[in-house]
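To keep things clear, I will list the structure first and then write my remarks on it.
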Amino acid sequence: METSNTFSFEVTGIDKVCAAGELYGRQCQKEGKIPVFSCEGGCIKGEIARQAANLVAKNDGYARACHGELFTVPHADLAKWVKKADKVVVIDGCSLFCHSRIAENILGKDQLVIFDSLSIHKKYANLMDVDDVPEQDRKKAAREVADKVLASLSEGVPCCPEQLTSCGCGSEPEAASECTA
């Protein structure tokens, strides 16, 4: 299969904003919180990344950001907060790095601190359905990812995918996510 290095798609504009997002974005910007967003994919890997982002965002200095507003409502205060942040934490679910690949074209490449949750927890690479993994095990994997992300952030050690142009750290994911038929 041949692919292009880049492609684009259109997003229908909207003149509305999320009222809660407006207040939240302004408050987070005022407090200097570091935005955290994640993969929201419909598979177990995306679910673990989502839960890990929620855990990271509960720590002082961090707050959960909405990728929907960042990607599709550029005039929203929440999107403005993320764009103006010095650092933005992205927790992707697998080696496709969907959110990071989009974000690196919206944000400054030096803003992104990217994590691949699958390379941290190293489980469920070939599973799709969230319910294939018991809730307790999902939470345990998410906690493991969140702890690694927080440790890396506090130590200033990047943990990101080499294949993204925004990454200069040279690290590689320790586990690949492969789809098998």
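Note that the structure is predicted; figures quoted are calculated from it, not measured.
The minimum heavy-atom distance between A142 and A52, with the atom names listed, is O-CB, 3.6 Å. P74 and A79 make their closest contact through O-CB, 4.0 Å (heavy atoms, listed as atom of the first residue, atom of the second, distance). C39 approaches A49 most closely through the heavy-atom pair CB-CB, 4.0 Å.
Side-chain N or O atoms of N105 include one that pairs as donor or acceptor with a backbone N or O of R101 at under 3.5 Å. For D92 (side chain) and H99 (main-chain N/O), a donor-acceptor pair under 3.5 Å exists by modelled atom type. In this structure, E69 contributes its side chain and C66 its backbone to no donor-acceptor pair below 3.5 Å.
Scored by the side-chain hydrogen bond (donor to acceptor under 3.5 Å, both in side chains) test, D147 finds R143 as partners (sequence neighbours excluded). Taking I102 as the reference, F71, I106 meet the side chain to side chain contact (heavy atoms under 4.5 Å, CB included) condition, with sequence neighbours excluded. Partners of K123 under the side-chain hydrogen bond (donor to acceptor under 3.5 Å, both in side chains) rule, at least two apart in sequence or in another chain, are E144.
Applying the side-chain hydrogen bond (donor to acceptor under 3.5 Å, both in side chains) test to every pair with at least one member in residues 7-24, sequence neighbours left out, gives no pairs at all. Applying the salt bridge (Lys or Arg N to Asp or Glu O under 4.0 Å) test to residues at least two apart or on different chains, the pairs with a partner in residues 50-64 are E40-R64, E47-R50.
Between L118 atom CG and H121 atom NE2 the span is 5.0 Å, to the nearest 0.5 Å. The distance from the CD1 atom of I91 to the CG atom of D116 is 10.5 Å, given to the nearest 0.5 Å. Here the straight-line distance linking atom CG of D137 with atom CG of D132 works out to 12.0 Å at 0.5 Å rounding. One finds the CZ atom of F115 at 10.5 Å from the OG atom of S100 (value rounded to the nearest 0.5 Å). Between the NZ atom in K80 and the CG atom in L70 there is a gap of 13.0 Å [rounded to 0.5 Å]. Atom NZ of K139 is separated from atom CG of L55 by 9.5 Å, given to the nearest 0.5 angstrom.
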Would F9 and V11 count as a side chain to side chain contact (heavy atoms under 4.5 Å, CB included) if you check the C-alpha gap in whole Å, the side-chain angles of each, and the deciding distance to 0.1 Å?
-> CA-CA 7 Å; F9 56 90; V11 176; 3.8 Å; yes

Decide side chain to side chain contact (heavy atoms under 4.5 Å, CB included) for R26 and L23; before the verdict, give the C-alpha distance in whole Å, the side-chain angles of both, and the deciding distance to 0.1 Å.
-> CA-CA 5 Å; R26 286 192 294 267; L23 295 172; 3.3 Å; yes

Show your working on side chain to side chain contact (heavy atoms under 4.5 Å, CB included) between I14 and V73 and close with a plain yes or no.
-> CA-CA 7 Å; I14 189 168; V73 191; 4.2 Å; yes

Check the pair I48 / V145 against side chain to side chain contact (heavy atoms under 4.5 Å, CB included), numbers first and verdict last.
-> CA-CA 8 Å; I48 290 169; V145 171; 4.2 Å; yes

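Residue Q136 places its CD atom among 12 or fewer non-hydrogen atoms of other residues, nucleotides or ligands, all under 6.0 Å distant.
Within the 4.5 Å cutoff, the side chain of L127 has heavy atoms near those of the V133 side chain. Using a 4.5 Å heavy-atom cutoff, the side chains of R138 and I44 are in contact.
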Using distance only, find each side-chain donor-acceptor pair of residues 81-90 under 3.5 Å and give its atom names and separation, not counting sequence neighbours.
residue, atom, partner, partner atom, Å
W81, NE1, K33, O, 3.0

